[in-house]
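The structure displayed is predicted, hence computed values, not measured ones. Read the numbers this way: they start at 1 and go in the same order the structure lists the ligands and their atoms.
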Amino acid sequence: MLEQIQEAVGFIQSKTAFAPRIGLILGTGLGALAEEIDVQASISYEEIPHFPVSTVESHAGRLLLGHLSGKPVVVMQGRFHFYEGYSLRQVTFPVRVMKALGIRSLMVSNAAGGLNPDYEVGDLMLIEDHINLHPENPLTGPHHAGLGDRFPDMSEPYDPAMRMLAKQIARERGLRMHAGVYVSVPGPNLETKAEYRFLRLIGADAVGMSTVPEVIVARQLHLSVFGVSVITDLGVPGKIKPVSVPDILAAAARAEPNLTRLTKELVARLDSE
Ligand code: HPA
């Protein structure tokens with residue numbers, strides 16, 4: 001895997017000398033932030049050696065390097081999911097590549113179902129902690145010290161300073177943002193009523209099919225992590241309706257301007273040395 005990372009990095013660096021300090025992974029229906037980037041290089045996933053290719057139509061499948069709020073960033077416009085048939089090693093490979101390109105922090109977004117009865121469709125939820133219900137782990141298998149820690153600490157996966165900054169920005173800008181626990185499930189089916197009840201009972205505020213694998217690898221690599229969910233539907237008793245992907249995408253699109261504002265402001269205030 002270390003050789004594969006080096007090959008991917010070598011290819012990207014043959015296209016651009018740009019050195020990113022912050023990585024961003026844009027979730028389902030949340031790719032428009034890319035329009036805010038002063039792009040220096042745009043590389044389609046298919047071109048990058050060993051990169052999986054995104055099969056989800058709502059994901060663009062491009063790596064963008066450039067400036068956001070004046071800071072050097074690398075953006076994954078579209079991510080990989082376990083439900084597409086990739087192993088979690090493949091799903092998280094781009095995180096390792098971004099780390100090797102020089103990022104120090106990783107910001108992730110996703111579309112999620114709300115479990116907390118206070119949540120409404122279109123709300124943002126700052127991820128304070130997570131529960132991993134993926135049936136695999138991206139770190140399973142033979143270990144090499146070059147990959148990072150064998151047993152990464154997970155007592156505080158989401159960077160407290162970035163969380164505080166984001167709350168401050170949301171307050172200043174009047175953005176409706178909750179803070180809660182994200183639980184990851186493999187999908188691709190959505191939850192039954194009983195499953196939503198179960199996920200609430202075990203302590204989650206929102207449920208989705210991504211993010212946790214990437215965060216585990218990011219923490220293995222000692223990246224500072226920041227995560228936000230956009231609540232696109234509700235798994236709250238009495239409010240559960242049949243959900244479709246078009247509904248999820250429409251809700252994500254409505255919430256996106258708030259997410260974009262928050263992300264731009266947060267990036268502007270991050271130290272990118
Ligand atoms: N469940 C799981 N994943 C999701 C949901 C949901 O309700 N909404 C968006 N992604």
Side-chain angles (χ1 to χ4, degrees), residues 24-33 54-60 76-86 88 91-92 107-136 138 158 176-216 227-260 262-263:
L24 291 101
I25 303 178
L26 308 182
T28 302
L30 300 169
L33 182 71
S54 184
T55 65
V56 185
E57 283 169 24
S58 47
H59 287 240
M76 284 183 71
Q77 201 180 11
R79 62 146 62 86
F80 305 105
H81 303 83
F82 185 69
Y83 63 73
E84 294 174 80
Y86 301 116
L88 291 185
V91 165
T92 56
M107 300 172 67
V108 290
S109 64
N110 60 54
L115 302 168
N116 186 316
D118 295 337
Y119 292 7
E120 287 169 24
V121 170
D123 287 351
L124 300 182
M125 185 194 87
L126 177 75
I127 305 177
E128 299 237 277
D129 204 349
H130 73 223
I131 299 171
N132 180 21
L133 291 187
H134 268 81
E136 258 189 31
Y158 299 88
R176 187 176 157 94
M177 186 177 77
H178 308 282
V181 174
Y182 176 89
V183 61
S184 73
V185 294
N189 63 282
L190 290 127
E191 287 68 36
T192 64
K193 290 191 186 82
E195 286 166 344
Y196 280 128
R197 224 165 33 239
F198 163 74
L199 296 170
R200 180 66 185 149
L201 206 60
I202 63 170
D205 296 288
V207 53
M209 306 175 193
S210 67
T211 301
V212 170
E214 293 112 312
V215 172
I216 290 172
V228 182
S229 293
V230 171
I231 305 300
T232 55
D233 53 278
L234 297 174
V236 174
K239 295 186 180 172
I240 298 172
K241 293 189 290 207
V243 251
S244 67
V245 169
D247 292 343
I248 288 177
L249 294 178
R254 283 198 302 276
E256 193 163 39
N258 282 345
L259 179 67
T260 299
L262 176 72
T263 308

Atom 7 (O) of ligand 1 has as its nearest protein heavy atom D233 OD2, 2.6 Å

dist L249:CG -> R254:CZ (nearest 0.5 Å) comes out at 11.0 Å

In terms of the angle between their ring planes, are H178 and Y119 parallel, tilted or perpendicular, with boundaries placed at 30° and 60°?
parallel

Do any heavy atoms of G208 fall under 4.0 Å from ligand 1?
yes

heavy-atom search around atom 10 (N) of ligand 1 in the protein gives A111 O, 3.4 Å

Counting from 1 in the order shown, the ligand 1 atoms closer than 4.0 Å to a non-hydrogen atom of I248 are 8 (N), 9 (C)

Among all protein heavy atoms in this structure, tell me which lies nearest to atom 6 (C) of ligand 1, with the distance rounded to 0.1 Å.
L190 CD2, 3.3 Å

Suppose we measure from atom 4 (C) of ligand 1 to each protein heavy atom; which comes out shortest, and what is that distance?
V207 O, 3.7 Å

Please could you name the atoms of ligand 1 that T232 approaches to less than 4.0 Å, counting only its heavy atoms?
8 (N), 9 (C)

Does only the side chain of Y83 get under 4.0 Å from ligand 1, or the backbone, or both, or neither? Count heavy atoms.
neither

In Å, rounded to the nearest 0.5 Å, how long is the span from CG of L133 to CD1 of I202?
4.5 Å

Any atoms of ligand 1 less than 4.0 Å from a non-hydrogen atom of M209? List them with their elements.
2 (C), 3 (N)

Spell out, as yes or no, whether a donor-acceptor pair under 3.5 Å connects the side chain of R79 to the backbone of V91.
no

Say you draw a straight line from CD of E191 to CZ of F198; how long is it, rounded to the nearest 0.5 Å?
11.0 Å

Which residue and heavy atom of the protein sit nearest atom 2 (C) of ligand 1, plus the separation
E191 OE1, 3.2 Å

May I ask you to list the atoms of ligand 1 that are less than 4.0 angstrom from any heavy atom of G113?
5 (C), 6 (C), 7 (O), 8 (N), 9 (C)

Return a yes/no value for V185: is any of its N or O atoms, backbone included, closer than 3.5 angstrom to an N or O of ligand 1?
no

Just verifying a value: how many Å separate T232 OG1 and N110 CG, rounded to the nearest 0.5 Å?
9.0 Å

Closest approach of A255 to V230 (non-hydrogen atoms, all atoms of both residues)
CB-CG1, 3.4 Å

I need the single residue from D205, D123, L115 that forms a side-chain contact (heavy atoms from CB on, under 4.5 Å) with I231. Which is it?
D123

